[in-house]
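Just so we're on the same page: letters track the sequence lines, and every chain starts at 1. What you see below is based on every heavy atom in this structure, not just the backbone, and it leaves out hydrogens, waters and symmetry mates.
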Protein chains: 2
Amino acid sequence: MDSSELKRAGLKATLPRLKILEFLENSDVRHMSAEDVYKALLESGEDVGLATVYRVLTQFEAAGLVVRHHFEGGQSVFELEQGKHHDHILCVKCGKVDEFMDETIEERQKKIAKEKGYAMTDHSLYIYGVCGECQKEE
Amino acid sequence: MDSSELKRAGLKATLPRLKILEFLENSDVRHMSAEDVYKALLESGEDVGLATVYRVLTQFEAAGLVVRHHFEGGQSVFELEQGKHHDHILCVKCGKVDEFMDETIEERQKKIAKEKGYAMTDHSLYIYGVCGECQKEE
DNA sequence: AATAAGAATGCGAACTCTTCTCATTTACGT
DNA sequence: ACGTAAATGAGAAGAGTTCGCATTCTTATT
């Protein structure tokens, strides 16, 4: 088991944390709600509580292992940190999520923050649309 | 009373709708949650239900009278439609909200959507930071 | 390897924001 | 003014998330 990542993040290597991290790393879906993680673990025969999943994901976020997003639709969505910042474009029909990174937009944002007198801490950019697949279906 | 705006939007000119619209138009705060609107009306002596405020704001949104935002923090925030699209920059300390519009960013977003094969329907961009005022306070 | 002490867990209750249900009231064309 | 359909208010219900607490783990120390 790879408890070193957790140790490094200053977190005790408990079974639920290990399982959740492992799941995030091995899943091919990159953006998941707490509920998604919870259900997947239950189906794998793990015995975790939903509250624990929420707690752990929040800790992972604080530790920088995970990034939390607020897509439309209310619930939080989590994504394993990949080192490189990026924004998201999502399909309003099928829910597909794509990622992109645009240096020009990044620059402009910094510029705007400065102009407005803000010390920028963060930003979130979501583009919504209908993906190629969904456009075909009438 | 100005019921014409409501009529034009295809909505019956009921008292709660009139009051809510009037309040949105006369308030100097431009971004308000349903709860904010509800409380303000109660304090003005109006007798509205919170459910009605939610319903009406949702109808206003559908009618294009109002725009709904999902700032961080969970609840929806509403803003009177001003014709011209803009994005937001908000202070994470005091909650202040500023608006901006950047043609370059707009263009880039369209370009990205096209590249990724999406038919763009909408987008949301929020910059978070500490505003000038709040930077001064220690 | 056993132990002690504190941290983490699971469960259900609680909380927040929002929507729904439904009996009652209101707006508006006639 | 009246009738009808739509809108309202109140509280219940729903979704997502957090909290409280008794129990169970981790881990540093023997």
Problem - Closest to side chain of B:S76, choosing from C:dC11, C:dT18, C:dC28 - result: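 Taking heavy atoms from C-beta onward, the closest nucleotide is C:dT18.
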Handout entry: Proximal nucleotide (of C:dG6, C:dT9, C:dT19) relative to the B:T58 side chain
Key =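 Nearest to the side-chain atoms of B:T58, counting from C-beta on, is C:dT19.
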Problem - B:E133, CD atom: more than 12 neighbouring heavy atoms under 6.0 Å - result: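 Atom CD in B:E133 is not crowded, with 12 or fewer foreign heavy atoms closer than 6.0 Å.
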How long is the straight-line distance from [atom2] of [Y] back to [atom1] of [X], given to the nearest 0.5 Å?
| X | Y | atom1 | atom2 | value |
| --- | --- | --- | --- | --- |
| A:L80 | A:F23 | CG | CZ | 11.5 Å |
| B:Y128 | A:M120 | OH | CE | 11.5 Å |
| A:S76 | B:E72 | OG | CD | 9.0 Å |

Problem - Residue closer to the 5' end of DNA chain C, B:G73 versus B:P16 (nearest nucleotide) - result: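 Comparing both residues, the 5'-ward one is B:G73.
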Just the table, please: protein N/O against nucleotides 13-15 of chain C N/O, every pair under 3.5 Å.
none

Problem - Heavy-atom check, side chain of B:R17 versus side chain of B:Q59, under 4.5 Å - result: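 Yes, close enough: below the 4.5 Å cut-off.
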Exercise for the section: Would you mind reporting whether B:L90 and A:Y118 have side-chain heavy atoms less than 4.5 Å apart? Expected result: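 Side-chain contact under 4.5 Å: no.
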Handout entry: Helical bend (five base pairs per end, nearest 10°) for the helix from C:dA1-D:dT30 to C:dT30-D:dA1
Key =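 For the helix from C:dA1-D:dT30 to C:dT30-D:dA1, the axes at opposite ends meet at about 30°.
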Side-chain H-bond candidate by donor/acceptor type, [X] with [Y], under 3.5 Å:
| X | Y | result |
| --- | --- | --- |
| A:H70 | A:Q75 | no |
| B:Y126 | A:D122 | no |
| A:R55 | A:T52 | yes |
| A:H31 | A:E99 | yes |

Just the rounded figure in Å: distance from [atom2] of [N] to [atom1] of [X].
| X | N | atom1 | atom2 | answer |
| --- | --- | --- | --- | --- |
| B:L15 | C:dA27 | CG | P | 6 Å |
| A:R17 | C:dG10 | CZ | P | 11 Å |
| B:E35 | C:dT19 | CD | P | 13 Å |
| A:I20 | C:dG10 | CD1 | P | 8 Å |
| A:E72 | C:dT18 | CD | P | 13 Å |
| A:L11 | C:dG6 | CG | C1' | 16 Å |
| B:Q75 | C:dT18 | CD | P | 6 Å |
| B:Y38 | C:dT19 | OH | P | 16 Å |

Exercise for the section: Looking at every strand, decide which applies to B:R55 at a 4.0 Å heavy-atom threshold: base, sugar-phosphate, or nothing. Expected result: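 If one applies the 4.0 Å heavy-atom cut-off, B:R55 turns out to touch a base.
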Practice task
Would you mind classifying the nucleic acid contact of A:A34 as base, sugar-phosphate or nothing, using non-hydrogen atoms under 4.0 angstrom?
Solution key: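 Nothing, no nucleic acid heavy atom in range.
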Exercise for the section: Examine C:dG10: is either OP1 or OP2 under 4.0 Å from a nitrogen or oxygen in the side chain of A:T52? Give yes or no. Expected result: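 For C:dG10, OP1/OP2 do have a side-chain N/O of A:T52 under 4.0 Å.
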Problem - Distance below 4.0 Å between A:T14 side-chain N/O and C:dA7 OP1 or OP2 - result: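 Checking A:T14 against C:dA7: no side-chain N or O falls below 4.0 Å of OP1 or OP2.
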Practice task
Indicate, with yes or no, if the rings of B:H88 and A:H123 have centres closer together than 6.0 Å.
Solution key: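 Between B:H88 and A:H123, the centre distance exceeds or equals 6.0 Å.
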Problem - salt bridge (Lys or Arg N to Asp or Glu O under 4.0 Å), paired with A:D102, selected from B:R108, B:K110, B:K111 - result: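 Filter result, single survivor: B:R108.
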Handout entry: Outermost DNA chain D nucleotides near chain B [under 4.0 Å, heavy atoms]
Key =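 So the contact region on DNA chain D extends D:dA6 to D:dG11.
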